[in-house]
Amino acid sequence: MRKMLSSGVCTSTVQLPGKVVVVTGANTGIGKETAKELARRGARVYLACRDVQKAELVAREIQMMTGNQQVLVRKLDLADTKSIRAFAKRFLEEEKHLHILINNAGVMMCPYSKTADGFEMHIGVNHLGHFLLTHLLLEKLKESAPSRVVNVSSLAHHLGRIHFHNLQGEKFYQSGLAYCHSKLANILFTQELARRLKASGSGVTVYSLHPGTVSSELVRHSALMRWIWWLFSFLIKTPHQGAQTSLYCALTEGLEALSGSHFSDCQVTWVSAQARNETVARRLWDVSCDLLGIPVD
Ligand SMILES: NC(=O)C1=CN([C@@H]2O[C@H](COP(=O)(O)OP(=O)(O)OC[C@H]3O[C@@H](n4cnc5c(N)ncnc54)[C@H](OP(=O)(O)O)[C@@H]3O)[C@@H](O)[C@H]2O)C=CC1
Ligand SMILES: CC1=C(/C=C/C(C)=C/C=C/C(C)=C/C=O)C(C)(C)CCC1
């Protein structure tokens with residue numbers, strides 16, 4: 001059972017000297033392990049985190065463990081578009097390239113709350129925050145092609161729906177479902193972005209994934225989930241195991257033809273019918289642009 005729940009290993013031997021990587025939410029859990037492995041392979045790794053003090057400690061730890069001093073911390077609060085814009089501005093000023101963007105940060109089952117811009121927290125951080133970040137970094141990714149965007153979604157997307165009349169959860173809110181909706185949005189964004197990038201022949205590819213059920217701080221807002229995680233701790237993945245599919249999508253050679261696909265346990269996997277709906281994906285793209293003040297093309 002443990003083997004079944006923990007399978008999927010990134011076997012790529014690709015090394016990353018001279019490559020630049022951004023990992024959001026890299027101070028703990030899956031993001032930290034992902035950043036560590038990318039640093040071990042020689043990349044310059046930006047830990048894009050909301051708590052800079054926590055992240056600095058992690059950066060030192062990764063530097064010590066990997067011998068790579070090019071592990072840098074930058075403030076990024078995905079619940080505040082000003083912070084996202086400030087992060088992108090500084091990054092674009094200081095870096096010539098961006099080869100891999102890992103949109104990993106996430107919140108789950110928060111009590112109803114809003115971001116600085118008035119978006120419901122799950123859709124605001126998990127989807128809109130990463131949508132804006134990717135938009136702001138996209139030219140740099142194109143200039144650095146071949147380059148990749150990796151969006152960490154979840155199996156939980158199967159329970160998600162995009163309710164355009166209630167995107168901010170103001171009419172109806174259930175914290176678990178709000179998480180599922182935002183994870184569905186991650187997949188729809190991946191597919192729409194992949195379609196657009198393919199059409200423009202940009203050399204940037206995009207992947208979404210489910211990391212598995214992973215022991216991490218994600219369950220911090222739910223006593224029930226913390227209890228389930230504790231009870232089944234002998235079965236669920238470690239953060240190192242949980243990082244394997246992100247690493248697979250970021251590193252595996254020859255994955256370009258699968259841009260837009262969804263992965264689990266380092267293999268392409270199926271997504272729900274909602275997640276394959278191109279009309280919803282296009283509309284979500286347009287609505288996201290509107291909400292974020294990005295010109296709709
Ligand atoms: N664990 C699991 O079983 C599963 C996880 N996933 C996905 O994996 C991803 C990583 O989660 P996991 O490592 O498990 O969870 P953790 O809670 O351990 O890590 C989440 C990271 O996101 C960061 N974060 C949260 N809010 C913001 C914000 N507003 N701005 C910037 N960063 C933020 C956290 O920062 P801070 O430490 O400061 O709070 C933390 O670094 C998430 O997208 C999650 O949805 C998907 C399926 C299953
Ligand atoms: C019942 C049960 C489990 C519970 C799984 C759950 C509750 C998964 C939730 C996943 C989430 C919330 C993903 C986040 O994106 C385990 C631990 C697999 C062990 C086998 C029995």
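Both ligands and their constituent atoms are indexed starting at 1 by order of listing. The chain is numbered in sequence order, starting from 1.
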Give the contacting part of [X] toward ligand 1: side chain, backbone, both or neither, where contact means a heavy-atom distance below 4.0 Å.
X    : result
V107 : side chain
R220 : side chain
W229 : side chain
S215 : neither
K237 : neither
M108 : neither
V125 : side chain
T24  : neither

Verify whether one side chain among [X] and [Y] offers a donor that lies under 3.5 Å from an acceptor in the other.
X    : Y    : result
T24  : N104 : no
T81  : D117 : yes
D77  : S83  : no
E217 : T28  : yes

Any N or O of [X] that comes nearer than 3.5 Å to an N or O of ligand 1?
X    : answer
T213 : no
G31  : no
H210 : no
P211 : no
D51  : no
S154 : no

#### Entry: Cationic N near anionic O, under 4.0 Å, K237 to D265
yes
### Task
Using the ring of F164 (Phe, Tyr or Trp, six-membered ring only), decide whether R283 places NZ or CZ under 6.0 Å from its centre and within 45 degrees of its axis.
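The answer is yes; both the distance and angle limits are met.
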### Task
Please determine if R276 forms a cation-pi arrangement with W270, meaning its NZ or CZ atom is less than 6.0 Å from the six-membered ring centre and no more than 45° off the ring axis.
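The answer is no; the distance or angle limit is not met.
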Of the listed options ([options]), which comes nearest to [atom] when hydrogens are ignored and any heavy atom counts?
atom                    : options                : result
atom 16 (P) of ligand 1 : L218, T34, L76         : L218
atom 20 (C) of ligand 1 : G106, G29, G25         : G106
atom 38 (O) of ligand 1 : M121, H157, R50        : R50
atom 42 (C) of ligand 1 : V219, V152, N104, N186 : N104

### Task
With sequence neighbours excluded, give me every side chain to side chain donor-acceptor pair (under 3.5 Å) pair touching residues 45-56.
Y46-E95, E56-R60
### Message
I want to know whether H262 and H210 have ring centres closer than 6.0 Å.
### Response
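Between H262 and H210, the centre distance exceeds or equals 6.0 Å.
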### Task
Report the residues that fulfil side chain to side chain contact (heavy atoms under 4.5 Å, CB included) with I294, sequence neighbours left out, ordered by chain and then residue number.
F131, L132, H135, C289, L292
### Query
Linking I/L/V/M/F/W/Y whenever any side-chain heavy atoms sit under 4.5 Å apart, do V268 and I187 land together?
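No, V268 does not connect to I187 through the hydrophobic network.
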